[in-house]
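In what follows, a single structure is set out as structure tokens and then discussed.
Just the heavy atoms: all of them, side chains too, but no hydrogens, waters or symmetry mates, feed the values below. Quick caveat: nothing in here was measured; it's all calculated off a predicted structure.
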Amino acid sequence: MPTAVLTDRERTAVQAYLRLLHTVRAAFDGPPDGARPPLVPPAVLAEAEQALARAGLAGNEEAFFELLRGWCPGR
């Protein structure tokens, strides 16, 4: 299956999104003690937001997820 050829900025945005996704999953997979809500470090969220903006994808989730599906078909 062919994959999309990304620009450097698009690749950075996809990689930042995947880091954010893994961080959120890790936060929700933590101990279920209920003592505190899952925490996503603000720096991880900011990195993803900035990368999306630089790639021209901020506010255009449909285009971003289409790009993501083309680059990582199994995600």
Side-chain angles (χ1 to χ4, degrees):
M1 171 186 269
T3 58
V5 177
L6 306 180
T7 66
D8 288 342
R9 289 183 180 201
E10 290 170 337
R11 186 177 307 104
T12 299
V14 169
Q15 290 169 337
Y17 167 77
L18 292 174
R19 277 192 291 281
L20 175 61
L21 180 64
H22 291 263
T23 301
V24 169
R25 283 183 178 164
F28 279 99
D29 287 344
D33 61 6
R36 60 186 171 142
L39 176 67
V40 175
V44 175
L45 185 55
E47 175 195 20
E49 289 176 347
Q50 291 169 357
L52 287 169
R54 283 191 301 270
L57 296 166
N60 194 346
E61 291 83 6
E62 184 177 340
F64 174 72
F65 285 110
E66 183 65 31
L67 182 73
L68 184 64
R69 279 190 295 276
W71 193 62
C72 303
R75 298 238 183 235

Checklist outcome for this item: In short, A53 meets A58 closest at the heavy-atom pair CA-CB, 3.9 Å

Item to check | Polar side-chain atom of R54 near backbone of R9 as donor-acceptor pair, under 3.5 Å | outcome: no

Item to check | Smallest separation among heavy atoms of T23 and P41, with atom names | outcome: CG2-CD, 3.6 Å

Item to check | Results of salt bridge (Lys or Arg N to Asp or Glu O under 4.0 Å) for E47 - residues two or more places apart only | outcome: R19

Checklist outcome for this item: Applied to residues 41-62, the ring pair (Phe, Tyr, Trp, His ring centres under 6.0 Å) test, sequence neighbours excluded, yields none

Item to check | Partner set under side-chain contact (heavy atoms from CB on, under 4.5 Å) for L52, not counting sequence neighbours | outcome: A13, L57, F64

Checklist entry - Between V40 and V24, which heavy-atom pair has the shortest distance, and what is it? => result CG2-CG2, 3.6 Å

